[in-house]
Amino acid sequence: MKPALFSVLCEIKEKTALSIRGIAEEGLPDARLMRLDNMLLAEGVSRPEKRGRGAAAAAGTATPGGCPNGNGLEHSDYRAKLSQIRQIYHSELEKYEQACHEFTTHVTNLLREQSRIRPVLPEEMERMVGIIHSKFSAIQMQLKQSTCEAVMTLRSRLLDARRKRRNFSKQATEVLNEYFYSHLSNPYPSEEVKQELARKGGITVSQVSNWFGNKRIRYKKNMGKFQEEASIYTANTVADTTEGGGPRSQPSCPSTPSFGSSGHFPLTSARDALLTLQTLASPRPTPGGGSLWSQVSLRA
DNA sequence: CGTCATGATTCTAA
DNA sequence: TTAGAATCATGACG
């Protein structure tokens with residue numbers, strides 16, 4: 001009885017001939033999928049969780065307390081979110097793959113079981129598996145797409161926040177100006193000094209670097225504009241930075257610059273020029289010691 | 001609003 | 001890598 005039924009089914013099947021229709025219905029998404037994959041790879045979302053600690057350390061240049069600069073603060077936030085996205089992405093991906101596998105084996109078993117009472121060609125099994133896989137890969141692509149979107153919005157937010165500018169505190173500008181005008185002949189603070197200034201001003205080292213970069217160029221460009229400021233700070237000099245917490249030195253332009261206690265000279269223009277001459281006379285080994293800046297400084 | 005000051009970024013050259 | 005220069009973009013101020 002059973003064999004007879006089986007053969008009848010075979011016959012019917014041959015007649016209906018629901019041959020293998022085109023599987024090539026999904027050739028289009030390939031390019032898109034590739035694009036998404038490339039982007040995820042480029043964005044570091046893909047495969048490995050390799051945390052490039054080396055790059056961060058190199059950029060921060062020995063700032064042990066973490067968050068090397070303001071930008072770094074936002075950047076670390078960015079990285080944290082990116083890592084979160086990556087985590088979600090991978091867990092979802094894994095989930096899908098597992099589900100796909102389970103479903104495939106389930107269907108395969110089902111077909112195998114059915115093959116005892118109805119004819120099931122191996123191609124059909126393969127086709128079923130193929131269909132399942134394509135369905136799941138479609139889902140995966142959706143996941144990749146949304147991941148890409150998330151990364152993009154995250155990135156654009158970072159870009160937007162990048163140029164946010166907040167004026168420094170009075171304290172910070174005070175500290176920076178003090179150093180600048182006290183070292184007018186060579187306003188290139190070392191890394192250690194930068195860190196110190198950053199600490200005193202409550203800003204970051206890179207902000208200090210930015211400030212000195214801007215200050216040098218702008219001072220050089222229009223020295224007349226800075227005369228007043230210069231006189232304030234040069235007159236006051238480094239009076240004493242030993243004021244501990246709040247060196248809110250009042251620049252009331254004292255005619256008698258009390259110097260001596262801290263071993264610092266009040267750097268007037270004349271003395272500054274002298275120093276410059278000295279630097280020019282005996283060029284120090286420090287690179288960029290007495291170049292353009294010194295010459296310009298001389299003209300002051 | 002327009003304008004200037006100013007912190008941050010980008011580009012180039014050494 | 002860094003400094004210098006140009007430029008961008010925001011904040012303060014009138």
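Residue numbers start from 1 in every chain, and the chains themselves are labelled A, B, ... in the order their sequence lines are given, proteins ahead of strands. When reading the values below, keep in mind they use all heavy atoms of this one structure, side chains included, and skip hydrogens, waters and symmetry mates.
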Given atom CZ of A:Phe168 and atom C1' of B:dA5, what is their separation to the nearest angstrom? 13 Å

Decide salt bridge (charged side-chain N to carboxylate O under 4.0 Å, His left out) for A:Lys215 and A:Glu229; before the verdict, give the C-alpha distance in whole Å, the side-chain angles of both, and the deciding distance to 0.1 Å. CA-CA 12 Å; A:Lys215 193 71 178 181; A:Glu229 191 178 73; 2.5 Å; yes

How bent is the helix from B:dC1-C:dG14 to B:dA14-C:dT1, comparing axes over its five end pairs at each side, to the nearest 10°? 0°

Under 4.0 Å: is that the gap between some side-chain N or O of A:Gln207 and OP1 or OP2 of B:dA8? yes

Can you say whether a donor on the side chain of A:Arg218 sits under 3.5 Å from an acceptor on the base of B:dG7, or the other way round? yes

Rounded interatomic separation in angstrom, taking CZ from A:Phe180 and P from B:dT6: 13 Å

Could you check how far CZ of A:Phe212 sits from C1' of B:dT6, rounded to whole Å? 15 Å

Could you tell me the separation between the CG atom of A:Leu40 and the CZ atom of A:Arg35, rounded to the nearest 0.5 Å? 12.0 Å

A:Tyr96, OH atom: more than 12 neighbouring heavy atoms under 6.0 Å: yes

When A:Ser209 and A:Asn214 are each assigned the nearest nucleotide of DNA chain C, the 5'-most assignment goes to A:Ser209

Would you mind reading off the distance between A:Asn177 atom CG and B:dA5 atom C1', rounded to a whole angstrom? 13 Å

Are any side-chain N or O atoms of A:Gln171 and backbone N or O atoms of A:Lys200, one a donor and one an acceptor, separated by less than 3.5 Å? yes

Angle class for the A:Tyr179/A:Phe212 ring planes (parallel below 30°, perpendicular above 60°, tilted otherwise)? perpendicular

Could you state the atom-to-atom distance from OH of A:Tyr219 to P of B:dA5 in whole Å? 17 Å

Rounded to whole Å, please give me the gap between CH2 in A:Trp211 and C1' in C:dG4. 16 Å

What nucleotide, of C:dA6, B:dG7, C:dA3, holds the atom closest to the side chain of A:Tyr188? C:dA3

Between A:Gln207 and A:Thr204 (side chain of the first, backbone of the second, donor and acceptor by atom type, cut-off under 3.5 Å), is there such a pair? yes

Looking only at side-chain atoms of A:Arg216, point me to the closest of B:dG7, B:dA8, C:dG4. C:dG4

When you check the phosphate oxygens OP1 and OP2 of B:dT6, does a side-chain N or O of A:Lys215 lie under 4.0 Å from one of them? no

Would you call A:Arg199 and A:Glu196 a salt bridge, using N to O less than 4.0 angstrom? yes

Name the pairs: protein N/O against N/O of nucleotides 11-14 of chain C, kept only if under 3.5 Å.
unit_1	atom_1	unit_2	atom_2	d
C:dG11	OP1	A:Arg166	NH2	2.5
C:dG11	O5'	A:Arg166	NH2	3.2
C:dG11	O4'	A:Arg165	NH2	3.2

Length of the CG-P vector between A:Asn222 and B:dT6, whole Å: 12 Å

OG1 on A:Thr147 to CD on A:Gln140, rounded to 0.5 Å: 11.0 Å

Look at the rings of A:Trp211 and A:Phe180 and say which category their plane angle falls in: under 30° parallel, 30 to 60° tilted, over 60° perpendicular. perpendicular

A:Lys220 side chain near C:dA5 phosphate (N/O to OP1/OP2, under 4.0 Å): yes

C:dT1 C1' sits how many Å from A:Asn210 CG, rounded? 15 Å

Decide yes or no on side chain to side chain contact (heavy atoms under 4.5 Å, CB included) for A:Val129 and A:His133, but give the supporting numbers first. CA-CA 6 Å; A:Val129 171; A:His133 280 182; 3.8 Å; yes

